[in-house]
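Only one structure is covered here, and it is reproduced in the block below.
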Amino acid sequence: MTTSEPEELPSRSGSVPLAVPDLGEAEMAAVVSALRSGFVSSVGPAVEDFEQAVCSLTGSRFAVACSSGSAALHVAARVAGVCGGTEVLVSDFTFIGSVNPVRYLGAEPVLVDSEQQTWNIDPSLVIEELHRRARSGIPQPAAVIVVHIFGQPAKLAPILEVAALYGVPVIEDAAESLGARWVGGPLAGRQTGSAGTLGVYSFNGNKVVTCGGGGMVVTDDDRLAAHARHLTQQAKVAGVGYLHDEVGYNYRLTNLSAALGKAQLGRIQSFLVAKQNIAARYDVAFQDLPLHRPTEPDWSASSNWLYSVLAPSRDLKDRLLVDLHEQGVEARPLWRPLHAQPPYAGCRRLGGDVADGLFERGLSLPSSVGLDDQDQQRVIKVVRSFFSRTQRASP
Ligand SMILES: *Cc1c(COP(=O)(O)O)cnc(C)c1O
């Protein structure tokens, strides 16, 4: 269920999990009905229904269902023009799934540091780099990948503006931010994932909405959508016997998974409210503790995918994680920056050490949509008693 996630502590019985899905009667009925229909693989009505439902939610014109968020990003990057010999600007502070497709395509990532307010890619670093390349006659990157980390919308508008000036496609990795929106500024009213050239969602088991495993590419561009769809189905030319006009992938989502995803998507508004309430309760409970969490900007509405905070130091973060684990609470450090991952250690980097600081001091706490008050109080108690002990120990 959470196979793509590193840093995972083993789950124990009686533990409070980090992020597990809420699967109810609607999901059971949808999957059984898909089974009864006989359509279990990628042909079947639920796949298109799910795509339509994602279009309605996000406001995107086209959606292409894929077998994972990683597959969706691979296809999105390829149709955007990422290929051997090109470069791609990508957030440094993210899950490794945001960047692997760049290398699948033989391209070279350039890792861009975060800004403090949203923990997302620093727009001024991206803008400066695009202008610099233009001035110096250096080829522009084939794409910019902007991640909305932990569900918090990035400062995308200024990036879109300058990228458009130079014809650089912008891909939103909205794997963690389905349902998150901009509510102020130039993108007010838009859903994350729907504002760039292409956007990508994940329906992995720990994401806001799950279909077991799956992903989606969205775009308003009919040509890009058609190409993405073609690539997910082995680039098979319709109506001609087994003709494949380019190298494609077997990336189409199955009908069974799509049925589950569509049923889950029908409940997304209640999931978003639940996550917002969980975050608000943690905020209140930790008000007087030395935990830092940026206040959410008034121009965005996060999906609150994983409630995350910064401890005062690396040492306190490490000790708090141990305490939580010993008390049966699944907490996790924040993403290790890509530049600290062996395959990406040699990449060019833009910016400073914001991402390093987030990794050193940050942790995520249980944020499942089904987290009940009793379990949340258990988490809060462990955190509060940790700080009351450490503060007594160091007057
Ligand atoms: C989960 C995730 C992905 C990958 O999605 P999968 O469906 O697990 O392949 C990509 N990027 C980010 C930021 C993610 O959190």
Side-chain angles (χ1 to χ4, degrees), residues 1-8 18-21 50 54 63-77 82 88-105 109 111-112 114 118-121 143-154 156 170-180 192-193 196 198-218 232 249-254 257-258 260-261 264-265 275 302-308 332-338 341 344 355 358-359 362 364 367:
M1 193 164 54
T2 53
T3 47
S4 68
E5 312 294 359
E7 308 288 353
E8 204 170 339
L18 185 76
V20 288
F50 188 34
V54 167
V64 178
C66 298
S67 50
S68 70
S70 302
L73 188 57
H74 189 183
V75 166
V82 176
V88 174
L89 304 192
V90 56
S91 312
D92 188 10
F93 181 66
T94 185
F95 176 55
I96 200 156
S98 300
V99 72
N100 280 340
V102 174
R103 279 278 175 78
Y104 299 163
L105 293 165
L111 309 177
V112 186
S114 296
T118 65
W119 299 353
N120 286 312
I121 198 165
V144 180
I145 298 176
V146 175
V147 186
H148 305 291
I149 210 75
F150 302 123
Q152 167 60 48
L156 187 68
V170 175
I171 302 170
E172 295 177 73
D173 178 349
E176 303 175 359
S177 69
L178 182 70
T192 57
L198 295 137
V200 167
Y201 301 106
S202 165
F203 303 101
N204 188 26
N206 59 2
K207 297 290 163 58
V208 179
V209 159
T210 188
C211 63
M216 194 81 71
V217 178
V218 295
T232 62
Y249 315 98
N250 177 15
Y251 275 174
R252 184 95 173 133
L253 189 69
T254 70
S257 300
L260 175 54
Q264 279 263 292
L265 202 60
K275 283 195 177 277
S302 173
S303 70
N304 295 291
W305 176 54
L306 288 182
Y307 183 87
S308 304
R332 193 200 286 165
L334 305 189
W335 303 125
R336 186 185 298 273
L338 297 178
Q341 306 286 2
Y344 300 103
L358 297 172
F359 174 62
S364 299
S367 306

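Heavy atoms only: backbone and side chains are in, while hydrogens, waters and symmetry mates are out. Residue numbers run from 1 in the order of the sequence given. Note that ligands are numbered from 1 as they come in the structure, with each ligand's atoms numbered from 1 the same way.
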Considering only heavy atoms, which of Val99, Leu306, Asn100, Asp173 lies nearest to atom 10 (C) of ligand 1? Asp173
Which residues satisfy the ring-ring contact (aromatic ring centres under 6.0 Å, His included) test with Tyr344, sequence neighbours excluded? none
Which atoms of ligand 1 are found less than 4.0 Å from any heavy atom of Ala175? 2 (C), 3 (C), 10 (C), 11 (N), 12 (C), 14 (C)
Just jot down the ligand 1 atoms closer than 4.0 angstrom to any heavy atom of Asn204, in number order. 7 (O), 8 (O)
What about Trp335: any of its N or O atoms under 3.5 Å from an N or O on ligand 1? no
Which word best sums up how the rings of Tyr249 and Tyr251 line up, parallel for under 30°, tilted for 30 to 60°, or perpendicular for over 60°? parallel
When every non-hydrogen atom of Leu156 is compared with those of Gly196, the smallest separation belongs to CD2-N, 4.4 Å
Could an N or O of ligand 1 be found under 3.5 Å from any N or O of Phe203, whether backbone or side chain? no
Give a yes/no verdict on whether any heavy atom in Ser98 is under 4.0 Å from an atom of ligand 1. yes
Is any side-chain heavy atom of Leu178 closer than 4.5 Å to a side-chain heavy atom of Trp305? no
Out of all atoms in ligand 1, which are within 4.0 Å of some heavy atom of Gly69? Include the element for each. 5 (O), 6 (P), 7 (O), 9 (O)
When you compare the side chain of Val102 with that of Ile145, does any pair of heavy atoms fall below 4.5 Å? yes
Geometry only, no angles: is Lys207 polar-contacting ligand 1 at N/O separations under 3.5 Å? yes
Where ligand 1 meets Val147 - atom numbers and elements under 4.0 angstrom, heavy-atom basis: 13 (C)
Decide whether the shortest distance between a heavy atom of Gly213 and an atom of ligand 1 is less than 4.0 Å. no
Would you say ligand 1 has an N or O under 3.5 Å from any N or O of Ser202? yes
Counterpart residues, side-chain contact (heavy atoms from CB on, under 4.5 Å), relative to Ser364 (two or more places apart): Leu18, Phe150, Leu306, Ser308, Leu334
Under a 4.0 Å heavy-atom limit, does Ile149 contact ligand 1 with its side chain, its backbone, both, or neither? neither
Under the side-chain contact (heavy atoms from CB on, under 4.5 Å) test against Pro109, which residue among Val88, Val90, Leu338 passes? Val90
Mark up the atoms of ligand 1 that fall under 4.0 Å of a heavy atom belonging to Thr94, in ascending order. 13 (C)
Can you tell if the side chain of Val75 reaches within under 4.5 Å of the side chain of Val64, non-hydrogen atoms only? no
Which ligand 1 atoms does Gly214 reach within 4.0 Å, using its non-hydrogen atoms? 7 (O)
